[in-house]
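The sequence lines fix the lettering, A, B, ..., with proteins before strands; numbering per chain opens at 1.
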Number of protein chains: 2
Amino acid sequence: MQRLADRGLRLTQQRRCIVAQIGAQEAHFDAEDLVSSLAAGDDRVSRATVYRLLPVLVEVGVLREVMRFGSRREFEPVEASEHHEHLVCERCGAVIEFRDQALEDAIESAARKRGFEMHRHSVEMVGLCPRCARAQARAEEDRS
Amino acid sequence: MQRLADRGLRLTQQRRCIVAQIGAQEAHFDAEDLVSSLAAGDDRVSRATVYRLLPVLVEVGVLREVMRFGSRREFEPVEASEHHEHLVCERCGAVIEFRDQALEDAIESAARKRGFEMHRHSVEMVGLCPRCARAQARAEEDRS
DNA sequence: TCCTAGCTGAGACTGTGTCTCAAATCTAGC
DNA sequence: GCTAGATTTGAGACACAGTCTCAGCTAGGA
Ligand SMILES: [Zn+2]
Ligand SMILES: [Zn+2]
Ligand SMILES: [Zn+2]
Ligand SMILES: [Zn+2]
């Protein structure tokens, strides 16, 4: 909230509700998640207001937009969650978050090497999580 | 085209046109790029047919879907384009493709370390390209 | 308290992608 | 080559995510 005030933005009741609701979300969420959570509660915040605030929160550094294959824009809080990358399981849909310093270093280095001033980055790995990889292997064994 | 026949899919005139048009595209393209390119030519292929074929081409391994921040689904050919990562400039919109073996190794290693069977991955770096970074620095100098 | 720039809500609008179904067409089998 | 029948197509309706408009409201400074 303070970040908003610092930019001369007003601390309206709606914005307080949205920010509070973001705190109650899972690590990843999208605008519709917020809209329905807010609708379920007693707070009255319109869809337009939610959609309007999210880019602002990215701008002031409260949220980060997450890269995706799907159709909805996804966000995650910047604070309270160290930067991390994502493993997405193709079979069960699980999203595993992880942090790997060697990988971060390699990314920084690749950007610097090309004269690029990197502001943010995102790595997404798609495949099979350990559990599904085992299940898959077992299924193939049975078939043969 | 052969990949389609192998799956028992028909080699229609429309599918030939679409595949040919994909060959004429830039490295990255989306469904609307194809629709308008085809409309400009003499080929008559409906939007629905283009949208229907793209997931099929991903399925048979001709295309790969690219992860993105934007709103349109993007694709790129699997063959004829070595795997690479992306630098996206926030200011001029340029997309710089690059390949970095150290980065690839770090990614492979991070996945293996977590028991993940990785099928594909995608790295997107967002910031300022060398040209825009210089322009930005110059602008800030002038202001002070 | 009053003033006003900034904010909000409702719903129209846009862009992207999917679905429906009658008509067209590909392919196998003759 | 012809025929039959399953697949594919095209046009437009539909669905979904997100943006915009504008009249009315409100936070917050004077
Ligand atoms: Zn899994
Ligand atoms: Zn995350
Ligand atoms: Zn640039
Ligand atoms: Zn690429």
**Item:** Strand contacts (DNA chain C) in residues 30-50 of chain B, 4.0 angstrom heavy-atom criterion
**Value:** B:R47, B:A48

Whole-Å distance separating the [atom1] atom of [X] from the [atom2] atom of [N]:
| X | N | atom1 | atom2 | value |
| --- | --- | --- | --- | --- |
| B:R7 | C:dT27 | CZ | C1' | 20 Å |
| B:R15 | D:dT7 | CZ | P | 11 Å |
| B:L9 | D:dT9 | CG | P | 10 Å |
| B:Y51 | D:dG12 | OH | C1' | 15 Å |
| A:L11 | C:dG6 | CG | P | 15 Å |

**Message:** Is the phosphate of D:dG5 approached by B:R10 (side-chain N or O, under 4.0 Å from OP1 or OP2)?
**Reply:** no

**Message:** At less than 4.0 Å, is any side-chain N or O atom of B:Q14 found next to OP1 or OP2 of D:dG10? Yes or no.
**Reply:** yes

**Message:** Does this structure show an ion pair linking B:E32 with B:R47, if we count only N-O contacts that are shorter than 4.0 Å?
**Reply:**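 Yes, charged N to carboxylate O under 4.0 Å.
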
**Message:** Counting only side-chain heavy atoms from C-beta out, which of D:dA17, D:dT8, C:dT8 sits nearest to A:T12?
**Reply:**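 Among the listed nucleotides, the one closest to the side chain of A:T12 is C:dT8.
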
**Asked** Using Watson-Crick pairs (N1 to N3, plus N6-O4 or O6-N4) and G-U wobble pairs, both distances under 3.5 Å, which stems of at least 3 pairs involve DNA chain D?
**Response** C:1-30 with D:1-30

**Request:** Measure up the B:H28 and B:H84 rings against each other and bin them: parallel (under 30°), tilted (30 to 60°), perpendicular (over 60°).
**Result:** parallel

**Request:** Report which part of the nucleic acid A:R72 touches: base, sugar-phosphate, or nothing (heavy-atom distance under 4.0 Å, all strands).
**Result:** sugar-phosphate

**Message:** So, under a plain 3.5 Å distance rule, would you say the side chain of B:R52 forms a donor-acceptor pair with the base of C:dT18?
**Reply:** no

